[in-house]
Chemist: 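I have a structure I would like to understand better, so I am pasting it below and will then ask my questions one at a time.
Numbers restart at 1 for each chain; the letters A, B, ... are given by sequence-line order, proteins then strands.
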Protein chains: 2
Amino acid sequence: MTEGPTITTIAQRAGVSIASVSRVLNGLPAREDTVRRVLRAADELGYVPNSVARSLRNRRTDQIAFAMADIGNPVYVAMVREIQPVLKEAGYRLLIHSTDGDAGDELGVLRGLRERYVDGLIISPLRGVTREHVEAIVAARAPVVVIGALPEDMPRDALVDNVRTDSRAGVRLALDHLYAIGRRRIGFLNGPLDTVPGAARAAAYREGLEALGLPYDEDLVEVGDFYRDSGARAARALLARAPGVDALMCANDLIALGALDVLREQGRDVPGDVAVVGMDDTDLASVTWPTLTSVSLGSAERGRAAAGLLLDRLQNDRREPRAVVVPPSLTIRGSTTLPGTPPGGAR
Amino acid sequence: MTEGPTITTIAQRAGVSIASVSRVLNGLPAREDTVRRVLRAADELGYVPNSVARSLRNRRTDQIAFAMADIGNPVYVAMVREIQPVLKEAGYRLLIHSTDGDAGDELGVLRGLRERYVDGLIISPLRGVTREHVEAIVAARAPVVVIGALPEDMPRDALVDNVRTDSRAGVRLALDHLYAIGRRRIGFLNGPLDTVPGAARAAAYREGLEALGLPYDEDLVEVGDFYRDSGARAARALLARAPGVDALMCANDLIALGALDVLREQGRDVPGDVAVVGMDDTDLASVTWPTLTSVSLGSAERGRAAAGLLLDRLQNDRREPRAVVVPPSLTIRGSTTLPGTPPGGAR
DNA sequence: ACTCCGGCCGTAAACGTTTACAAGATCCCC
DNA sequence: GGGGATCTTGTAAACGTTTACGGCCGGAGT
């Protein structure tokens, strides 16, 4: 924990100026003799450049932040897993912020960008991008990539890149699949309608039924939270009200877990009596019993795309904002297929 | 993304020197009139201090890094969940590194400390602290807290704080519990013996049986990896060799998941025919069916303790190194208790 | 021998802060 | 009104880099 050598120390020992030291260490042209002496001195002293001083001078920190709602959520973990290597490859360090879905915290991170402690930010705001978010982004002095929907009236000069998924199409995939395996009374366990995903999935459920020629029945819909226990509560309520359901579409894998708990507890066979589909296709989906058919919203791809966009933007400051849409896909597992039955229909 | 105001800009606008600006912004005494003008100018300009420049001058970054093997591992997630708020409270930002259990990567982080991009580090090396780790830690210019075992010959001057758990005691807890519910042929599915936890758990299993007066039988032990599929393979092998086992002690929750898969597949009732205990008490333990009795190694506590030690050390550079040991505990769930039967024994 | 050119190198400034020091302003008291 | 004490302020240096600029030197061309 002693004070380490600086280029000045090296310069003295090698008998050259600090400018020469810097040049040698950065591989700029120098006489062969100078190079040798500087490198030797640096080596003997165990020199390591001070990244803070370098950042100040270069006006870049080689750090990038990723702000997400919850570090325990497998969706974000999948994103980090993809983002990390891409950034590392490009020479950036990744800072991870867990905002606990607190909009205040999110804004804090966004505002913190102005401190310049980071060259760019990837953020995935849980409840969508508010006007305050937009203001903070415009005021920020670093490029931002948003994972999730942007508001319609996003100012052109914000230069925000965007990655999203099509969760409506995802819901459709699931409904089509359930229809294909013969289900006709398909219940829906949703998350809060004031979240972006919640609202989108609600609409998609309605549209999807219509497209399939099935009636929309309010008794088949229950709204709760995106957690397991809340999913269980919702499932219990729905099953009590509409005992005849033969499938449950869940807005989230966690909700689906809760539903599975309740179905097991009530002795209903999955998928024999009731088929269940989750959403997000997290690691959990393959852990449950039966394993859970789930709509993948491409978390990994979204993460990768976001990292790519950010790096690209860091190269080219003035590029037009870009938006990437990752299509959903359906991973069929035990909760919708009887053993031995080949998975029917969709995809 | 425009170049922002600096204290110089503010000084001009307020008609004072930059020293006064700095003083006012840091709450040092100044004439009331000066304070007002500076604050007004700063506000109008939307000034935000440059954290890099401040770090250079103050020789501190207010950032702390946490290096772990795998961001997807619930054990580390639990640690982060505890570390984050503690550090935040103390005014530090948390940088998260996922080293993928790669010793090279771990060393990279450790060596990176010398760049001074961070004021301190919490690291949890998967395969223990090697001589190279020690060297890097001694050479580092920032305090380090290691979560996990330290080598015996740790140099005194390294000033490394340490947090560990007692996984031997943890194994004993599990064995005692299994014994208490009447199991006498207790199998053991372990992870690699060249990892620190693997070796410790192997020894503890032996000792634990001895303490209970049960014979050690090689046929009841299988070594694999700390993953689910590996756990399944190991369980299959063990069950084939020793069909009479009535309990499986697993070195890890993931291994236990694999074992549950196999038992279900073979139609053996859990816990009726075979009781199962996992280790780490991750979130997964409450997701499975049946839910999994698991030894908690206090990930959360360890994280909290590590953060505490680091903060403390940052206050007091010269303090003697300290070691915290977090005792294990047992969380009893469905995989060792028949419904209706009160959990017996241990604890 | 003079000029010109190119290659290396050192001096110094800059990045945006904080802070030691000394000078100027203000006040109080005699 | 002079003198000291106290408060406030500005100047400048420092943190550790990178880099523009100009100087020096040696060699080549005339």
Chemist: Taking side chain to side chain contact (heavy atoms under 4.5 Å, CB included) as the criterion, tell me which of Leu94(B), Leu310(B), Asp161(B) meets it with Ile122(B).
Modeler: Leu310(B)
Chemist: Let me know the distance between CG of Asn58(B) and P of dA20(C), rounded to the nearest Å.
Modeler: 12 Å
Chemist: Rounded to whole angstrom units, what separation is found between the CD atom of Glu32(B) and the C1' atom of dT9(D)?
Modeler: 16 Å
Chemist: Tell me whether the side-chain N/O atoms of Arg54(A) come closer than 4.0 Å to OP1 or OP2 in dT18(D).
Modeler: yes
Chemist: Using only heavy-atom distances, decide whether a donor-acceptor pair under 3.5 angstrom links the side-chain of Arg59(B) to the base of dG16(D).
Modeler: no
Chemist: Tell me which of Asp33(B) and Ile18(B) sits closer to the 5' end of DNA chain D, going by the nucleotide each one is nearest to.
Modeler: Asp33(B)
Chemist: Check every strand shown and say whether Ser55(A) touches a base, only sugar-phosphate, or nothing at a heavy-atom separation below 4.0 Å.
Modeler: nothing
Chemist: What is the distance, rounded to the nearest whole Å, between atom CZ of Arg141(B) and atom C1' of dC15(D)?
Modeler: 14 Å
Chemist: Nearest-Å distance, CG (Asn50(A)) to P (dC15(D))?
Modeler: 11 Å
Chemist: What contact category does Ala19(B) fall into here, base, sugar-phosphate, or nothing, at under 4.0 angstrom with non-hydrogen atoms?
Modeler: base
Chemist: If I take atom CZ in residue Arg116(A) and atom P in nucleotide dG16(C), what distance separates them, rounded to the nearest angstrom?
Modeler: 8 Å
Chemist: Using a 3.5 Å distance criterion without hydrogens, assess whether the side chain of Thr99(A) forms a donor-acceptor pair with backbone atoms of Met68(A).
Modeler: yes
Chemist: Taking only side-chain nitrogens and oxygens of Ser22(A), does any of them come within less than 4.0 Å of OP1 or OP2 of dT18(D)?
Modeler: yes
Chemist: Just how far, in rounded Å, is C1' of dC15(D) from CD1 of Ile7(A)?
Modeler: 12 Å
Chemist: Ignoring backbone atoms, test whether Thr34(A) places a side-chain nitrogen or oxygen under 4.0 Å from the OP1 or OP2 oxygen of dC9(C).
Modeler: yes
Chemist: Is Val52(B) touching bases, backbone alone, or none of the nucleic acid, heavy atoms closer than 4.0 Å?
Modeler: nothing
Chemist: Go through the N and O atoms of the side chain of Arg57(B) and the base of dT17(C), and report whether any donor-acceptor pair is under 3.5 Å.
Modeler: no
Chemist: Rounded to the nearest Å, what distance is computed from the CG atom of residue Leu28(A) to the C1' atom of nucleotide dA20(D)?
Modeler: 13 Å
Chemist: What is the separation between atom CG on Leu25(B) and atom C1' on dT17(C), rounded to the nearest whole Å?
Modeler: 11 Å
Chemist: Taking the side chain from Gln63(B) and the backbone from Tyr92(B), do they hold a donor-acceptor pair closer than 3.5 Å?
Modeler: no
